[in-house]
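A short write-up of the structure that comes next.
Chain letters run A, B, ... following the sequence lines, proteins first and then strands; every chain starts at 1.
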Number of protein chains: 2
Amino acid sequence: MSQDTPRPDSRASRSVTLQDIAAHAGVSRSTVSLVLRESPLVAEDTRRRVQRSIKALGYVYNRGAAALRGRRTATLGVVVYDIANPFFGAMVAGIDAALNREGYVSFLANSEDSPARQQRFLERMREHRVDGILLCPAQGTDPRLIDTLASWQIPCIQVLRHIGEPPFDYAGTDFRRGVGLAIDHLVAQGHERIAFLGGHIEHSATRERWQGYREALARHGLAYQRLLRSDVTRRAGFALIPVLMAESPAPTAVVCHNDLVAFGALLGLKRLGRVPGRDCAVIGTDDLEEAALGDPALTSIATHPHAVGEEAARLALRRIGNPDGARELVVLSPRLQVRDSCGAHASTLESPVTTT
Amino acid sequence: MSQDTPRPDSRASRSVTLQDIAAHAGVSRSTVSLVLRESPLVAEDTRRRVQRSIKALGYVYNRGAAALRGRRTATLGVVVYDIANPFFGAMVAGIDAALNREGYVSFLANSEDSPARQQRFLERMREHRVDGILLCPAQGTDPRLIDTLASWQIPCIQVLRHIGEPPFDYAGTDFRRGVGLAIDHLVAQGHERIAFLGGHIEHSATRERWQGYREALARHGLAYQRLLRSDVTRRAGFALIPVLMAESPAPTAVVCHNDLVAFGALLGLKRLGRVPGRDCAVIGTDDLEEAALGDPALTSIATHPHAVGEEAARLALRRIGNPDGARELVVLSPRLQVRDSCGAHASTLESPVTTT
DNA sequence: TCTACGATTTGGATCAATCCAAAAACAAAC
DNA sequence: GTTTGTTTTTGGATTGATCCAAATCGTAGA
């Protein structure tokens, strides 16, 4: 009756712990812990009895407490620089799918290509003791960041872009080869003046594309070379096309840094009254879903963002399991998805239903 | 010299703890803890001395340990059903921006519209003791899920879609009003046969749009009513246009569930040899970045995903601070972004530079 | 000089799990 | 009936912070 003696299970309802389960099942804390972690040590009978108690008491595993004593948190940090870009959306979906299978969850941050924001997030991840980090480094990231992360003892997998040179863990697409494929195709179609559109200098993914561009031209013995740097947005593609087309000689084909630039280029050509695919071939990179549904449908170098995400996540899990193993580079091969914008097909409006 | 006496600070390098800082600064653990949490209790001198020690020893705050004793983890769970959709990308960016300011980080999961996947993730979030959850419920989610979350004592903010009826916390856009705006505009242009394209029955966001559609027709005294259900993809928009146009009388304008459906509809019209905006007006919903850059540029009901994300995150933080406060609905007003696809402008190719 | 009172500081208990070495239970062999 | 050898099970220490009631320090007032 006394109001100043709080009953042990009063309203604040202390949550059910291992201890409670242990008491209920008539075993020790340790045994319950072993059951939860599916240890083969416990006898079958005991295991079942404990599991019944777990269910009966509505126990909820406390991963925070487990992480404090154990070493793993079963969490990962993921940093991208533009989550609103559907390319990264697909990549994150791939990461999510791979992690989900292993019981991992991930913190996501959007760096907006700001090294400062990126840094803040990484420090926060360290405080949260994530088991690993997937990093698409922001433009202008200090190359020593990788060493810093190593000194923090947190495995880091770079994705799509990388800073510095190997050895480090990396998952991405072979952009060099992708651009090569596109140019091979254009040359086979008879093109001799092929321009490349878009990209900044700051990171590896641009350099690889440009390298692929120059190598392919050299391979085919083409003299014409025109590389325009720019943002990697629709707007930039749109704005640069008039510049390019006013030159003489003008290119007959344009390979673009990504599909966004390519969409802009298509629009730019139409604006000039030219028919993309007939008057000038356009090839994008990424093969976003909307590439197939453009007008004309866009030929694109498919870079498989979902698969890249999955590979990156798997690589992270491998590295967490074996921190001292040799660094790995997982580089997927791109595929050229030929559609109308490069003039290979008749330049008709393609049904989206037939192009999956 | 003896090799079997491990030095206390040998290779495994036990991490620096509050205790170490306390020893170094000549104060107690508790005082260091107060400094870390910026308590006004500690004297200015002490505070500075402790902070010097923190820097000197390279201390890293252990949020896991803090969360075990304290009650907050400074983490949030975010569930969306299609992260590859740029709309959700923008929304997640908004969430990220708002949380970042408050030192919170978020777990992200992609339910792929599967209630089972969603459920698994929510359970994992519970084990991780997140402070709150932002949920875009998957199609077919059991309405009792909200009660379950409440019984788990985890604040849940529904975003964009909701299951069941208020009271609950919710952040979204006024879809009903948005569709109303679109139809007002079309009616002002002289349209009398306006169709609505896309959406399933399962969730609130579709019902609201349809309600807006019917109400607006009634308000203007229009007899013609045609509502086609479908997936909310480009493909569906493309496929339904021929069906709609073959009817007699055919509509002169189409309002679409989202921009993806609208893009499909534009393509479908072109496929039929009709000029979108002249032969049939098309209005989308969301106002994605690519809407301005289509051909023709798409008129769209802007639903401001970034702002919705920010509002949702802010609401979550408010609810965490005050779990027993009255539930809140934050409903943003949409805006009609008029471009060429509804025939209001001359149907010329619009420069993307002028339409931000 | 002593007492009060506010401003600081402190140590022990606590949060909920895992680790680990040792104990207990059981079975087979001598 | 021991002895030996596996399986299982266990309790105490540990992880790194916060909470909280009590101790300490200063200093103004009696």
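Enclosure of atom CD in A:E44 by more than 12 non-hydrogen atoms of other residues, nucleotides or ligands within 6.0 angstrom is indicated. Under a cut-off of 6.0 angstrom, the local environment of CZ in A:R327 is crowded, with over 12 non-hydrogen atoms contributed by other residues, nucleotides or ligands.
Remark: C1' of D:dG16 and CG of B:L57 are 15 Å apart, rounded to the nearest angstrom. With rounding to whole Å, B:E44 atom CD is found 10 Å from C:dT8 atom P. Following rounding to the nearest Å, A:L34 (CG) and D:dT10 (P) show an atom-to-atom distance of 10 Å. The distance between atom CZ of A:R63 and atom C1' of D:dT15, rounded to the nearest whole Å, is 18 Å.
Ring geometry for A:H128 versus A:F107: interplanar angle of 30 to 60°, hence tilted. Using cut-offs of 30° and 60° on the angle between ring planes, the pair B:F168 and B:H162 is tilted.
Atoms OH and CZ, from A:Y104 and B:R124 in turn, are 11.5 Å apart once rounded to the nearest 0.5 Å.
Of the residues A:I133, A:V130, A:I154, the one that meets the side-chain contact (heavy atoms from CB on, under 4.5 Å) test with A:L122 is A:I133.
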Short heteroatom pairs, N/O only, protein and nucleotides 22-28 of chain D, under 3.5 Å:
none

At a cut-off of 3.5 Å, list every protein nitrogen or oxygen paired with a nitrogen or oxygen from nucleotides 13-17 of chain C, distance to 0.1 Å.
unit_1, atom_1, unit_2, atom_2, d
C:dA13, N6, B:R29, NH2, 3.2
C:dT14, O2, B:R69, NE, 2.5
C:dA16, OP1, A:S15, OG, 3.1
C:dA17, OP1, A:Y59, OH, 2.3
C:dA17, OP1, A:N62, N, 3.2
C:dA17, OP2, A:L18, N, 2.8

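Remark: the A:S28 side chain and the A:T31 side chain contain an N/O donor-acceptor pair separated by less than 3.5 Å.
Salt bridge B:R120/B:E123: absent, no basic N to carboxylate O contact under 4.0 Å.
Checking D:dT10, C:dT10, D:dT8 against the side-chain heavy atoms of A:L41 singles out D:dT8 as nearest.
A sub-4.0 Å separation between OP1 or OP2 of C:dT10 and a side-chain N or O of B:T31 is present. Between A:S30 and C:dC19 there is no side-chain N or O to OP1 or OP2 distance below 4.0 Å.
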